[in-house]
Peer 1: 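Got a structure for you, questions after.
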Amino acid sequence: MQSLLSSISLLALFLLPACAPAVAPPNTPPAESALYQAKQACLDAYQTRPGQVAEGNMSKLMGCLARATQKYGRQAYGPYAPIYMEGASKGVEAAQHLREGLYTPDQFGSEIGLIQEQENSAILQKKAQMAAPLDPILQPVPAPSAP
């Protein structure tokens, strides 16, 4: 039991940086600040001690984080919001698998890590798409000038 609790404690340490920054950066837009505050409220509610979340609370924590992302994510994440919302949904599903005994704490931690890797990859792809020039055929053609 002690090993299980320490695994969950270590997992919580990995989740904390992914869930919310330690301190809201200065001059953040109000939506980003609201998202940070909502996620921090989730962490405060479900941590048994700082950096530790009991296995029984993990599903509740992930659900709370997903609700915060749904509520504030569109304004805070902008065009990347769907990526983070999908990741939050996958996190809830992984926590349900942990609660049902389908995942061990280590498997849950690995799944959360995989979800974060997928989010990072999707964000990089989205950034590349947004920065890529249009194909020549799709670029607007200047109107002919009148003599």
Peer 1: Flag the pair Phe108 / Tyr103 as yes when their ring centroid distance falls below 6.0 Å, and as no otherwise.
Peer 2: no

Peer 1: So, for Tyr80 and Lys126, which heavy atoms are closest and what is the spacing to 0.1 Å?
Peer 2: CE2-CG, 3.5 Å

Peer 1: Judged by atom type as modelled, is there a donor-acceptor pair below 3.5 Å linking the side chain of Ser121 to the main-chain atoms of Glu117?
Peer 2: no

Peer 1: Can you give me the closest heavy-atom contact between Leu35 and Ala76, atom names plus distance?
Peer 2: CD2-CB, 3.7 Å

Peer 1: To the nearest 0.5 angstrom, please state how far the CG atom of Leu65 sits from the CZ atom of Arg67.
Peer 2: 9.0 Å

Peer 1: Is a side-chain donor or acceptor of Gln47 paired with a backbone partner of Leu43 at a separation under 3.5 angstrom?
Peer 2: yes

Peer 1: Would Ile83 end up clustered with Met130 when hydrophobic side chains under 4.5 Å apart are linked, directly or stepwise?
Peer 2: yes

Peer 1: Without hydrogens or angle criteria, can the side chains of Gln40 and Asp44 be said to hold a donor-acceptor pair below 3.5 Å?
Peer 2: yes

Peer 1: Nearest heavy-atom pair of Cys64 and Tyr46: which atoms, and what distance?
Peer 2: CB-CE1, 3.9 Å

Peer 1: Measure the OH-CD distance between Tyr77 and Glu32 for me, rounded to the nearest 0.5 Å.
Peer 2: 8.0 Å

Peer 1: Taking all non-hydrogen atoms of both residues into account, name the closest pair between Gly78 and Pro82 and its distance.
Peer 2: O-CD, 4.3 Å

Peer 1: To the nearest 0.5 Å, what is the distance between CG on Leu114 and CD on Glu119?
Peer 2: 10.5 Å

Peer 1: Taking side chain as C-beta onward, heavy atoms only, is Asn57 less than 4.5 Å from Thr48?
Peer 2: yes

Peer 1: Under 3.5 Å, which donor-acceptor pairs link side chains of residues 85-102 to any protein atom two or more places apart or in another chain?
Peer 2:
| from | atom 1 | to | atom 2 | distance (Å) |
| --- | --- | --- | --- | --- |
| Glu86 | OE2 | Lys90 | NZ | 3.4 |
| Ser89 | OG | Met85 | O | 3.2 |
| Lys90 | NZ | Gln118 | OE1 | 3.2 |
| Arg99 | NH1 | Ser59 | OG | 2.9 |

